[in-house]
Amino acid sequence: MPKKVAVIGAGPSGITALKNLLDQGIDAVAFDRNSEVGGNWVYSENESHSSVFETTHIISSKTLSQYSDFTFDDFDTTVSDYPSHDELRRYFQAYADHFGLVEHIRFDTMVIHCEWISQSKWEITTETGGIRKTEEFSDLVVCNGHHWNPRWPNYPGEFAGEFLHSHSFKKAEPFKDKRVLVIGGGNSACDVAVETSRVSKMTAISWRRGYRIIPKFFFGQPSDKIGERSAWIPLKIRSFFFDILLKIMIGDNHLYGLRKVENKFGETHPTINDELLYKIRHGKVKPRPDIKRMDGKKIIFEDDNEEEYDTIIACTGYYLSHPFFDKKFIDYSSGPVPLYLKMFHPEFRNLYFVGMFQPLGCIWPGAELQAKIMAGEIAGKWNRPSNIKDLCEKEVTHPHYKQIDTPRHTITVDFHAFKKQLLKYLPKDYVSKKKVQVISDLV
């Protein structure tokens with residue numbers, strides 16, 4: 001059958017997948033449940049697809065968080081070093097407008113089910129306005145994101161106050177004059193703790209393990225730019241020296257009352273935050289150990305100290321979820337993810353995952369490179385390695401970082417090493433800033 005490609009999602013990964021398919025003259029359509037381009041970066045005060053909140057800024061700097069085909073300078077030279085969610089929303093929408101993508105996107109459309117028929121055929125059922133429709137496609141590109149299906153913590157006892165996930169957190173104002181406990185040490189947890197501390201009666205943050213807190217700037221430069229300049233150094237040596245730099249710049253966690261970091265650099269995701277340590281030392285955020293049990297509004301911590309709280313905000317991550325697949329077909333929610341370059345399946349040649357990786361850096365520059373390789377293969381201009389099954393297995397057994405064994409750490413890559421792997425399969429002139437018009441019968 002002629003190539004007809006379905007793309008699930010019109011967030012940062014979905015739009016670059018769509019753009020690069022159109023670049024190759026391939027008939028493609030993207031489906032998105034929202035009414036505009038941008039995915040998680042479209043802020044809404046209502047609980048929805050999005051987990052971004054009122055004051056969210058990206059945690060990677062703009063020069064390492066842009067598409068090569070449409071840079072921030074192509075969009076707006078005044079964008080801040082760490083763009084806000086609104087700057088990013090406008091950037092993604094400008095990208096879609098510049099390359100004429102909107103006419104190839106079906107908005108307000110849910111992908112209900114994807115049925116693999118053969119290596120050249122999918123049956124995909126979608127729903128728009130309550131009406132379901134099943135269509136045939138030759139290839140499927142999955143870009144549905146991995147920050148939308150909340151993972152909840154489980155503790156003995158019950159909490160009698162307000163208990164929500166960071167997915168539902170939109171702004172700090174509703175927590176004014178409340179006693180708030182934030183669970184977690186990742187980027188969302190530290191941001192939520194900082195924001196609620198501005199208005200709450202008291203904010204505490206509970207960690208079950210130690211986390212590295214990395215400032216956004218070193219020596220007046222974005223910290224990831226410092227990392228980029230040392231990317232030529234072997235990973236183990238680079239990680240060792242970065243740990244030493246952190247100790248020099250901010251000191252050990254115990255100086256702030258936080259749990260000691262017991263893992264090597266890269267074994268857990270570092271947290272990029274400039275304000276948490278400041279708030280702790282100013283008494284606005286109180287460090288707490290892990291929770292032992294809950295009893296009404298009283299929380300008993302593992303050191304047996306007790307405190308009462310009005311609200312708990314669990315910043316405990318998300319499941320890697322693909323509800324449009326039967327679980328017997330594909331389920332990456334808890335186990336390893338054996339995909340070569342985090343995109344090629346060992347058996348299903350007409351299935352691609354774009355943007356389903358967690359870099360120590362930004363996702364969409366890598367997603368753009370994945371999309372170019374994917375589109376090149378579908379167009380018949382590139383062939384994947386013949387030993388794809390072995391390479392998929394190697395993805396699991398030889399990760400960039402040997403991380404702790406949790407569901408959150410199954411798709412981690414090193415930003416620079418991953419980009420280098422992808423570029424190996426692309427020509428030197430891979431950048432394509434031109435708009436390509438493709439007439440589609442799919443939209």
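- Exactly one residue among I213, D191, I59, I58 makes a side chain to side chain contact (heavy atoms under 4.5 Å, CB included) with I272. That residue is I59.
- In this structure, CG in L351 is found 10.0 Å from CE in M343, a value given to the nearest 0.5 Å.
- The structure places CD of Q93 at 9.0 Å from CD1 of I15, a figure rounded to the nearest 0.5 Å.
- Taking the six-membered ring where the residue is Trp, F92 and Y67 present perpendicular rings, their angle passing 60° and hence far from 30°.
- Classification of E45 and K171 as a salt-bridged pair holds, one side-chain N sitting under 4.0 Å from a carboxylate O.
- Annotation: side chain of L64 is in contact with side chain of K225 (closest heavy-atom distance under 4.5 Å).
- Counting only heavy atoms from C-beta outward, the side chains of R288 and I205 never approach each other to under 4.5 Å.
- At least one side-chain heavy atom of E162 sits under 4.5 Å from a side-chain heavy atom of F175.
- One side chain, T109 or T128, offers a donor N or O that lies under 3.5 Å from an acceptor on the other.
- Minimum heavy-atom separation, S13 to A367: OG-CB, 3.5 Å.
- At a cut-off of 3.5 Å, with distance as the only test, a side-chain donor of T71 or D74 sits close to an acceptor on the other residue.
- The shortest distance between side-chain heavy atoms of L276 and T271 does not fall below 4.5 Å.
- Using a 4.5 Å heavy-atom threshold, the side chains of H345 and I330 count as touching.
- The pair K62-D224 does not count as a salt bridge, with every side-chain nitrogen at least 4.0 angstrom from each carboxylate oxygen.
- With sequence neighbours excluded, the residues satisfying ring-ring contact (aromatic ring centres under 6.0 Å, His included) with H98 are F70.
- The distance from atom CD of Q370 to atom CG of L422, rounded to the nearest 0.5 Å, is 6.0 Å.
- Looking only at atom types and distance, the side chain of T16 has a donor-acceptor partner in the side chain of Y95 under 3.5 Å away.
- Side-chain atoms of H85 and E87 include no donor-acceptor pair closer than 3.5 Å.
- In this pair, H322 and F325 present their aromatic rings tilted. The plane angle is within the 30 to 60° band.
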Derivation and outcome, side chain to side chain contact (heavy atoms under 4.5 Å, CB included), residues C143 and I8:
CA-CA 5 Å; C143 312; I8 300 179; 5.8 Å; no
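- Side-chain contact check for L88 versus W364: some heavy-atom pair is nearer than 4.5 Å.
- Between S223 and F218, the shortest heavy-atom contact is CB-CD1, 3.7 Å.
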List the steps, then state whether side chain to side chain contact (heavy atoms under 4.5 Å, CB included) holds for F241 with I233.
CA-CA 10 Å; F241 281 112; I233 301 173; 5.6 Å; no
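- A salt bridge does not link K292 to E302: none of the charged nitrogens lies less than 4.0 Å from a carboxylate oxygen.
- For H113 and F329, the ring centers sit 6.0 Å or farther from each other.
- C362 and S60 get closest at one heavy-atom pair: CB-OG, 3.3 Å.
- Two residues are said to be in side-chain contact when any heavy atoms from C-beta on lie closer than 4.5 Å; D97 and V102 meet this criterion.
- In the model, W116 has a side-chain atom that pairs as donor or acceptor with a side-chain atom of N350 under 3.5 Å.
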Starting from the C-alpha separation in whole Å, work towards a yes-or-no answer on salt bridge (Lys or Arg N to Asp or Glu O under 4.0 Å) for K3 and D139.
CA-CA 7 Å; K3 292 294 184 182; D139 300 82; 3.5 Å; yes
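- Sorted by first and then second residue, the salt bridge (Lys or Arg N to Asp or Glu O under 4.0 Å) pairs with a member in residues 364-374 read D69-K372; sequence neighbours excluded.
- The CZ atom of R384 lies 10.0 Å from the CG atom of L341; values are rounded to the nearest 0.5 Å.
- For Q24 and K381, the side-chain atoms include at least one donor-acceptor pair closer than 3.5 Å.
- Salt bridge absent: E136 and K4 never bring a charged side-chain N and a carboxylate O closer than 4.0 Å.
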Step by step, would you call W152 with F163 a side chain to side chain contact (heavy atoms under 4.5 Å, CB included)?
CA-CA 10 Å; W152 290 84; F163 198 168; 4.1 Å; yes
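- The cationic group of K19 lies under 6.0 Å from the six-membered ring centre of F99 and within 45° of the ring axis, placing it in a cation-pi geometry.
- Taking the ring centre of Y319 as origin, the terminal cationic atom of R151 falls inside the region bounded by 6.0 Å and 45° from the ring axis.
- If you check the side chains of N273 and N187, you find no donor sitting under 3.5 Å from an acceptor.
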With ring pair (Phe, Tyr, Trp, His ring centres under 6.0 Å) as the criterion, how do F53 and Y43 come out once you've worked through the C-alpha distance, each side chain's angles and the decisive distance to 0.1 Å?
CA-CA 7 Å; F53 47 89; Y43 171 71; 8.8 Å; no
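- Atom CD1 in I378 sits 6.5 Å away from atom OG in S138 (nearest 0.5 Å).
- Looking at Q66 and Y91, their side chains never bring a donor and an acceptor atom within 3.5 Å of each other.
- Looking at E262 and R209, no side-chain N of the basic residue comes within less than 4.0 Å of a carboxylate O on the acidic one, giving no salt bridge.
- With sequence neighbours left out, Y430 forms a ring-ring contact (aromatic ring centres under 6.0 Å, His included) with no residue at all.
- Of all heavy-atom pairs spanning D81 and P83, the tightest one is O-CD, 3.5 Å.
- Of the charged side-chain nitrogens involved, at least one lies within less than 4.0 Å of a carboxylate oxygen, so that R106 and E135 count as a salt-bridged pair.
- Between the side chain of N253 and the backbone N or O of R259 there is at least one donor-acceptor pair closer than 3.5 Å.
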Side chain to side chain donor-acceptor pair (under 3.5 Å), that's the test. Do S188 and S166 meet it? Break it down for me.
CA-CA 7 Å; S188 294; S166 56; 4.8 Å; no
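- Side chain of N387 to main chain of D390: no donor-acceptor pair is present (N/O by atom type, distance under 3.5 Å, no hydrogens or angles).
- From I373, atom CD1 reaches atom OH of Y425 across 8.0 Å, with rounding to the nearest 0.5 Å.
- Within the 4.5 Å cutoff, the side chain of Y352 has no heavy atoms near those of the L140 side chain.
- One side chain, S333 or D331, offers a donor N or O that lies under 3.5 Å from an acceptor on the other.
- Residue F107 comes nearest to E36 through the heavy atom pair CE2-C, 3.5 Å, listed as atom of the first residue, atom of the second, then distance.
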Worked check of side chain to side chain contact (heavy atoms under 4.5 Å, CB included) between L181 and T311
CA-CA 6 Å; L181 176 64; T311 300; over 6 Å; no
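- Residues F324 and W122 keep their aromatic ring centres 6.0 Å or farther apart.
- Remark: K216 qualifies as a cation-pi partner of Y82 under the 6.0 Å distance and 45° angle criteria applied to the six-membered ring.
- Side-chain atoms of T78 and D76 include a donor-acceptor pair closer than 3.5 Å.
- With salt bridges taken as basic N to acidic carboxylate O contacts below 4.0 Å, none links D243 and K247.
- When all heavy atoms are compared, the tightest approach of A17 to V7 is CB-CG1, 4.3 Å.
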